[in-house]
Amino acid sequence: MDNGRYDFNAIEKKWQDYWLSQKTFKAPNGAPTADTKSPAKPDPKAPLHLRPKYYVLDMFPYPSGQGLHVGHPEGYTASDIVARYKRMTGFNVLHPIGWDAFGLPAEQYAVQTGTHPALTTQKNIANMRRQIQALGFSYDWDRQVDTTDINYYKWTQWIFLKFFNSWFDDTQQKARPIEELPIPEDIRNRGEKAVRQYIDDHRLAYEAQAPVNWCPALGTVLANEEVVGGLSERGGHPVIRKPMRQWMLRITKYAERLLDGLKDLDWTESIKKLQADWIGKSIGAEVDFKVDSRDDVIRVFTTRPDTLFGATYMVLAPEHPLVDALTTEEYKQPIADYKEQAARKSDLDRTDLAKDKTGQFTGAYAVNPVNEQKIPIWISDYVLISYGTGAIMAVPAHDERDFEFAARFGLPIIPVVRPEDETLAAQVESARACFIGNGTAVNSGPFNGLSTPQFKEKITAWLEDKQLGKKAVNYKLRDWLFSRQRYWGEPFPILHVEDGQTLALSEEDLPLGLPEMEDYKPTENGRPPLARAADWVSITLPDGRKARRETNTMPQWAGSCWYYLRYMDPDNQSAAFDSLVEKYWMPVDLYIGGAEHAVLHLLYSRFWHKLLYDLGYVSTPEPFRKLVNQGMILGEDNQKMSKSRGNVINPDQVIADYGADSMRLYEMFMGPLEAAKPWSMRGVEGVHRFLNKSWRMIVNPDTGALQDAVRDAKADEETLRILHQTIKKVTGDIEHFAFNTAISQMMIFVNHLSRRQVRPKEVLETYVLLLSPFAPHVAEELWQRLGHPQTLAYEPWPAFDPMLTKEKEIELAVQIGGKIKDRILVSADADEKEIEQKALAAPKIQTLLNGRTPKKIIVIKSRLVNIIA
RNA sequence: GCCGGAGUGGCGGAAUGGCAGACGCGAAGGAUUCAAAAUCCUUUCCGGUUCACCCCGGGUGUGGGUUCGACUCCCACCUCCGGCACCA
């Protein structure tokens with residue numbers, strides 16, 4: 001910085017060093033008092049720990065070898081602007097960052113090279129931290145968390161133990177410690193083993209032998225959420241169904257609360273809907289169908305009990321437990337063949353809608369409870385064992401899938417709902433069309449004539465009365481498959497004792513660290529890599545029994561489910577976080593991240609949070625009050641950035657060429673935060689020119705001293721007005737995340753003041769404060785050159801005077817019949833009468849009206865006048 | 001197929017019932033310069049008349065509607081992007 005030009009590289013280095021060494025953004029923990037939880041008025045002069053809190057959270061990144069891409073700084077800049085703004089308005093701001101550092105790439109690299117994943121991970125973290133620090137975000141670096149740090153995952157394991165040692169009380173709708181689980185008398189009478197089994201069956205973390213999504217290419221199982229169209233979300237490899245012993249988390253118990261909790265969240269409706277659809281609540285009835293000439297009963301779930309009279313056959317999932325018992329001798333072989341075929345099918349095959357429906361008759365019949373009709377029982381893979389009861393009543397006239405199936409196998413179609421539309425009604429009547437909407441009941445005995453909703457209510461009551469069925473609710477949400485066959489993840493604090501008992505480590509035994517390994521591949525017989533660590537796996541208990549450690553590890557989601565809690569108290573050795581500290585900081589006031597986590601991470605986090613809430617560890621029922629999703633940044637060719645397209649923008653290069661402030665400012669100026677938008681290097685140059693102009697407005701580029709125009713002078717009226725308009729606009733736009741228009745307004749301000757030969761120092765200082773959340777480095781430097789030795793990070797945010805934002809005289813458009821014909825100048829406080837008279841007196845209006853009297857005159861103050869002739 | 005979101009100059013976008021195109025990019029012309037870069041000034045939705053000032057008409061994916069007035073609200077359709085996909 002030898003001369004006065006805008007030397008962004010030197011300025012940015014200087015202030016980044018200053019912020020780090022001064023710990024400018026260190027946020028002290030406060031106490032949860034009335035003042036800090038619901039402040040009457042934040043005080044920008046109060047000591048930080050006595051101020052009201054504001055928690056701004058970024059979705060922490062996976063430290064990949066590729067480093068940062070331009071998408072990261074978008075969300076991070078937006079949250080940083082809010083964090084800096086909130087600090088200046090008097091809040092104690094918690095703004096942390098960390099590393100979601102377990103994950104497959106480091107492990108795959110380890111398999112290939114033998115390098116320990118921890119080494120790769122730490123190297124990548126160091127690089128990404130350098131990149132993130134080069135952008136000047138106001139993180140409190142003393143609060144960094146790293147999910148692979150044993151001091152962190154100790155507590156991830158601790159939370160897992162909470163799941164393991166809890167059950168869900170359906171009547172109270174909350175989790176409770178497993179010790180409080182009531183054991184039924186008959187179970188207790190059957191002995192200790194039965195009791196143990198009963199307890200294990202109620203834990204919120206449990207083991208199950210279940211068909212899972214196995215991905216041979218990745219060598220691991222995947223959660224339902226990680227399988228997209230039968231392919232793995234990561235890499236797009238085929239996924240097959242395979243029965244395996246796996247750890248599950250009982251998220252389904254929380255379905256209702258996860259759905260209900262969405263109501264009060266300040267999230268976009270589209271994200272809430274995505275989660276609600278994923279939870280997939282449907283209300284209907286369970287109905288029992290007796291099997292003809294047998295004692296068995298098949299229970300089905302239906303959302304349309306009003307169509308019971310139209311049920312002409314039943315379908316069971318091939319895996320349904322009654323299938324073998326029901327099947328008549330004659331059909332044993334074809335049923336066995338069909339089951340075999342269905343079991344072999346991959347998810348991709350099973351969900352392929354294009355294919356024809358398949359199925360097989362069992363030879364057995366059921367009795368329709370409403371009319372005693374005998375209907376055939378089939379099996380088909382279009383009925384899923386994992387939803388509802390694994391069996392359906394088929395109503396081909398009013399369900400498209402049943403209609404298709406009936407058509408293919410020549411099963412009868414009986415219409416029982418008559419649609420409003422006559423043409424459609426005729427088609428439904430003659431079984432040529434399927435109608436799934438609401439209508440009027442027909443062919444339904446005593447219920448004929450009822451509307452669909454009325455019928456539903458009546459028949460449900462009728463079924464309950466006759467004890468043939470009852471109202472029921474089902475969810476699409478499935479339990480969360482929580483184990484992976486990998487090395488680089490949190491080990492489960494679980495022991496399998498030789499006598500078959502599953503034992504959890506006690507809290508005092510945590511953390512359970514990962515063993516050192518030489519070979520990170522799965523074993524030859526397909527067991528997880530940890531099975532190779534013989535010394536680690538085998539253990540003798542104090543009572544002499546031998547046991548084996550669980551060799552699966554937790555999925556990557558585990559660490560990210562609760563990291564926002566650890567930030568509050570990252571160095572706590574005796575607890576995951578202190579309870580008072582939690583009460584001070586929670587909930588997260590603003591959470592910014594990509595929409596790709598709409599279902600997975602956000603649903604899992606909410607689930608964990610609710611468990612911790614039930615057990616009394618956290619004080620809020622929901623973790624994230626407001627959620628904002630940044631849009632994707634596309635390449636200059638308007639395509640998704642990818643190496644193969646060669647359109648990837650490297651943030652390091654942009655920072656080197658234009659500076660971090662320009663990078664930040666450009667990413668905010670591109671367009672609305674939530675929108676997808678293409679990169680433009682010309683655009684970066686544009687905002688860079690603006691920063692340069694801001695610099696030259698204040699600093700003489702030849703001497704480095706302040707410009708001669710910078711004086712201790714009173715601002716003229718116009719300058720004052722534009723300044724106050726700018727304060728108003730920038731403040732409001734930050735509150736509404738409209739950063740692009742805030743920047744436009746600052747450009748208007750600079751365009752105005754740069755032309756002035758007198759630039760009052762006070763006005764410039766206010767401007768620098770407004771600019772500072774967006775371009776903090778140059779703002780700090782200008783602030784210093786304007787004579788302030790301290791950082792501006794805690795300066796009070798400028799206030800505007802509404803009176804000063806108003807123009808004295810306004811130009812109004814005068815329309816005739818909605819078309820602009822002339823303009824008039826009126827004073828800002830002119831009343832309607834006055835405006836009307838002025839408008840009518842305007843010369844062109846006079847000519848056009850030509851003496852006619854207007855029918856109506858509409859005056860919109862400060863906007864326009866519309867004359868209806 | 002179903003559910004979201006979006007369609008505005010050459011480009012990114014602004015305006016959520018009241019003067020369409022703020023701000024930026026690009027382009028054109030001019031000033032400065034020996035020259036260039038940088039900077040500054042002017043013009044820049046389309047068409048017509050014509051740029052000396054003007055003036056006239058059209059215009060926000062398409063077609064209809066509501067309204068004194070529609071980019072904005074309603075109906076139908078088209079296109080693009082994202083999500084879900086046999087959940088009974």
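The chains referred to below are lettered A, B, ... by the order of the sequence lines, with proteins before strands, and numbering in each begins at 1.
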- Message: Considering every strand and a 4.0 Å limit on heavy-atom distances, what is the contact class for A:T303: base, sugar-phosphate, or nothing?
- Response: sugar-phosphate
- Message: Is the distance between the ring centroids of A:Y313 and A:F409 under 6.0 Å?
- Response: no
- Task: Could you measure between the two C1' atoms, the one in B:A14 and the one in B:U60, and give it in whole Å?
- Result: 12 Å
- For B:U67, what is the paired nucleotide under Watson-Crick or G-U wobble rules, both distances under 3.5 Å? none
- Non-hydrogen atoms of A:T312 and A:P412 that approach each other most closely: OG1-O, 2.8 Å
- What does A:L864 touch in the nucleic acid at a heavy-atom separation under 4.0 angstrom: a base, only the sugar-phosphate, or nothing? base
- Query: In the strands shown, is B:C2 matched to any nucleotide by a Watson-Crick or G-U wobble pair with both distances under 3.5 Å, and which?
  - Reply: B:G83
- Message: Students often get this wrong, so: under 4.0 angstrom with heavy atoms, is A:I858 touching a base, only sugar-phosphate, or nothing?
- Response: base
- Euclidean distance, atom NZ of residue A:K272 to atom C1' of B:G5 [Å, nearest integer]: 17 Å
- Between B:G7 and B:U16 - C1' atom distance, rounded Å: 16 Å
- Scanning all shown strands, the Watson-Crick or wobble mate of B:G7 with both distances under 3.5 Å is B:C78
- Task: Just label B:G9 as syn or anti from its O4'-C1'-N9-C4 or O4'-C1'-N1-C2 angle, using within 90° of 0 for syn.
- Result: syn
- Query: Which value, in whole Å, describes the distance between the C1' atoms of nucleotides B:U79 and B:G65?
  - Reply: 23 Å
- Item | base_contact_polar (B:C68 base, A:K855 side chain, donor-acceptor, <3.5 Å) | no
- Using atom CD1 of A:I860 as one end and atom P of B:G69 as the other, report the distance to the nearest whole Å. 13 Å
- Comparing A:R823 and A:N751 on RNA chain B - which has the more 5′ nearest nucleotide: A:R823
